[in-house]
Amino acid sequence: MPILVTGGAGFIGSNLVRFLLERGHAVVNLDKLTYAGNLASLESVRAHPRYRFIRGDIRDAALLRSVFAEHAPRAVLNLAAESHVDRSIDAPGDFIQTNIVGTFCLLDAALAYYEGLAGEAKRAFRLLHVSTDEVYGSLGPGGFFSETTPYAPNSPYSASKAGADHLARAWHRTYGLPVLTTNCSNNYGPCQFPEKLIPHMILSALQNRPLPVYGDGGNTRDWIYVEDHCRALSVVLERGAPGEVYAVGGACEKTNLEIVRFICDALDGLSPREDGRSYRERIAFVRDRPGHDRRYAIDASKIKNELGWEPAWNFEEGMKKTIAWYRENERWAEDILNGSYRLERRGTGRETP
Ligand code: NAD
Ligand code: TYD
């Protein structure tokens, strides 16, 4: 029986699909292919005998019914989402539709399917809802988010993810659907859409563009290499307890300025500028993001103590691999940047609804 992955053509989803196939699982990938969905990220597994791709929207109840009936998944991993804070500031509607309404549709379809199962298939069925640490709001200089931190989302993105998390919890408590939820910190790695900080800076530097740092560059994120997140999802799916929430983090706090400087210094060595100057000169402090959360940091002791997971990648190795991937996959990036997104600034104001 396959695992149904929603949003499998996105950044984390495509890494997860490859991760699961490499470990012997069968995977059905249901993805709408929004601007962020990219089948080029899955080219290496396109014809894999244990892989199927279905283009579709998680809000399409009839499609979901037929996918569950035809593929009889043993589990669902829900990654389909609108995922970028800056876009959510300009145009929150799609975030409400996919992240909240879509999660509702998926939970409801999964419940109908689950209720029709019997025996071992029913006992083993799980739905893992993949969420973010951003639902907890913003930390001051000290402390950590954990599973018991009260929700306090600040952006339309995090508010829509918080809404989805509450629905996931309710479908477990009210209807008995075996739901698990993970709240993970900022991921980086291959195949991340270049609107996000790390690929944005790598590709902007390689194109000799300015490197726009929001505000004073002191905002802090807890970075995790995407493969560590994929392994955490797999561990939670196989060994986590239904109804439980697991916070996942990289134990790697960096300010945005530290990240950008790291990328500049790495590229100074790998791909020196023609004029011999450092990429650091391209750093430009720009107007801050509205509602910009200051600091995220995760206490991941629950998943470590109960399920034995901890991050395996250190930041330097993960970044080396990521920077190398973007340099070696120019075509992947070019195809994106020839489309509707060209590294321009977003998230400074609300579009007229
Ligand atoms: P992404 O934007 O790269 O990919 C999202 C994918 O979902 C795309 O392939 C898109 O086509 C698909 N999608 C969007 N709307 C859909 C719909 N209505 N129906 C079906 N498919 C749809 O996002 P990502 O960074 O890979 O994040 C994946 C998940 O992980 C999201 O739920 C996100 O909230 C969560 N998450 C991300 C991070 C991070 O740092 N990127 C951290 C923690 C949690
Ligand atoms: P982002 O990758 O958008 O992730 P999130 O907002 O979900 O944490 O941004 C990470 C951090 O980098 C965030 O503090 C905003 C900042 N940032 C910049 O300073 N410049 C940029 O060009 C981008 C895209 C982000």
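All ligand and atom numbering here is 1-based and tracks the order in the structure. Computed from a prediction, not measured in an experiment: that's the story for all the values here.
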Seminar exercise, completed: Expected contact list for ligand 2 at under 4.0 angstrom, heavy-atom basis, is His84, Val85, Glu134, Asn186, Glu195, Lys196, Leu197, His200, Met201, Pro212, Val213, Tyr214, Asn219, Arg221, Asn256, Arg289, His292, Tyr296
For this session: Give yes if a backbone or side-chain nitrogen or oxygen of Ile58 is under 3.5 Å from a nitrogen or oxygen of ligand 1, and no if not.
Result: yes
For this session: May I ask whether Gly56 places a heavy atom under 4.0 Å from ligand 1?
Result: yes
For this session: Salt-bridge test for Asp90 and Arg87: reply yes if a basic N is under 4.0 Å from a carboxylate O, no otherwise.
Result: no
Exercise. Can you check whether Leu267 reaches Arg327 side chain to side chain, under 4.5 Å on heavy atoms?
Worked result: yes
Exercise. Short list, please: which atoms of ligand 1 are under 4.0 Å from a heavy atom of Ala80?
Worked result: 7 (O), 20 (C), 21 (N), 22 (C)
Problem set entry | Tyr157 vs Thr132 side-chain heavy atoms within contact, under 4.5 Å | yes
Problem set entry | Test item: side-chain donor near acceptor, Arg18 and His48, under 3.5 Å | no
Exercise. Given side chains that start at C-beta, do those of Tyr341 and Phe193 come closer than 4.5 Å, heavy atoms only?
Worked result: yes
Exercise. Between Ala9, Cys184, Ala164, which one has a non-hydrogen atom sitting closest to atom 43 (C) of ligand 1?
Worked result: Cys184
Problem set entry | Check: Thr181/Asp165 side-chain N/O donor and acceptor closer than 3.5 Å | no
Problem set entry | Trace of the ring-ring contact (aromatic ring centres under 6.0 Å, His included) decision for Tyr114 with Tyr175 | CA-CA 10 Å; Tyr114 173 70; Tyr175 305 115; over 10 Å; no
Exercise. Considering only the protein, which heavy-atom contact is closest to atom 15 (N) of ligand 1, and what is its distance?
Worked result: Thr98 CG2, 3.4 Å
Exercise. With side chains defined as the heavy atoms from C-beta onward, is the minimum distance between Phe68 and Val76 less than 4.5 Å?
Worked result: yes
Exercise. Once the angle between the rings of Trp313 and Tyr225 is folded into 0 to 90°, is it parallel (under 30°), tilted (30 to 60°) or perpendicular (over 60°)?
Worked result: tilted
Problem set entry | Lys161 touching ligand 1 at heavy-atom level, < 4.0 angstrom | yes
Exercise. Would a 4.5 Å heavy-atom cut-off, applied to side chains only, mark Ser14 and Val17 as touching?
Worked result: no
Exercise. Which atoms from ligand 1 have a heavy atom of Ser131 less than 4.0 Å away?
Worked result: 43 (C), 44 (C)
Seminar exercise, completed: Taking only non-hydrogen atoms of Asn186 and a 4.0 Å limit, the atoms of ligand 1 in range are 40 (O)
Exercise. Do the side-chain N and O atoms of Asp228 and Trp309 include a donor-acceptor pair separated by under 3.5 angstrom?
Worked result: no
Exercise. What part of Tyr188, side chain, backbone, both or neither, has a heavy atom within less than 4.0 angstrom of ligand 1?
Worked result: neither
Problem set entry | Ser83 neighbourhood, listing ligand 1 atoms whose heavy-atom distance to it stays under 4.0 Å | 1 (P), 2 (O), 23 (O)
Exercise. Which atoms of ligand 1 have any heavy atom of Leu33 under 4.0 Å away?
Worked result: 11 (O)
Exercise. Who else is in Tyr214's hydrophobic cluster (ILVMFWY, side-chain heavy atoms under 4.5 Å, direct or via others)?
Worked result: Val286
Seminar exercise, completed: Numbered in order shown, the ligand 1 atoms found under 4.0 Å of a heavy atom of Thr34 are 10 (C), 11 (O), 14 (C), 15 (N)
Exercise. Counting heavy atoms only, which of Asp31, Asn29, Thr6 comes nearest to atom 9 (O) of ligand 1?
Worked result: Asp31
Problem set entry | Any N/O pair Asn187/ligand 1 closer than 3.5 Å | yes
Problem set entry | Ionic contact status for Arg126 with Glu244, cut-off 4.0 Å | no
For this session: Give yes or no for whether the N/O distance cutoff of 3.5 Å, strictly under, is met between Lys32 and ligand 1.
Result: yes
Exercise. Does ligand 1 have any atom that is closer than 4.0 Å to a heavy atom of Gly102?
Worked result: no
Exercise. Heavy atoms only: which of Asp133, Asn183, Asp57, Leu79 is nearest to atom 31 (C) of ligand 1?
Worked result: Leu79
Exercise. Which atoms of ligand 1 are found less than 4.0 Å from any heavy atom of Tyr157?
Worked result: 33 (C), 34 (O)
Exercise. Do the side chains of Val27 and Arg50 get nearer than 4.5 Å, heavy atoms only?
Worked result: no
Problem set entry | Nearest-option assignment for atom 13 (N) of ligand 1, heavy atoms, candidates Ser185, Ala81, Ser158, Gly37 | Ala81
For this session: State the atoms of ligand 1, each with its element, that fall below the 4.0 Å cut-off from a heavy-atom position in Val130.
Result: 30 (O), 32 (O)
Exercise. Is the shortest side-chain N to carboxylate O distance from Lys320 to Glu317 below 4.0 Å?
Worked result: yes
For this session: Taking the side chain as every heavy atom from C-beta outward, state whether Leu33 and Phe53 have any pair of such atoms under 4.5 Å apart.
Result: yes
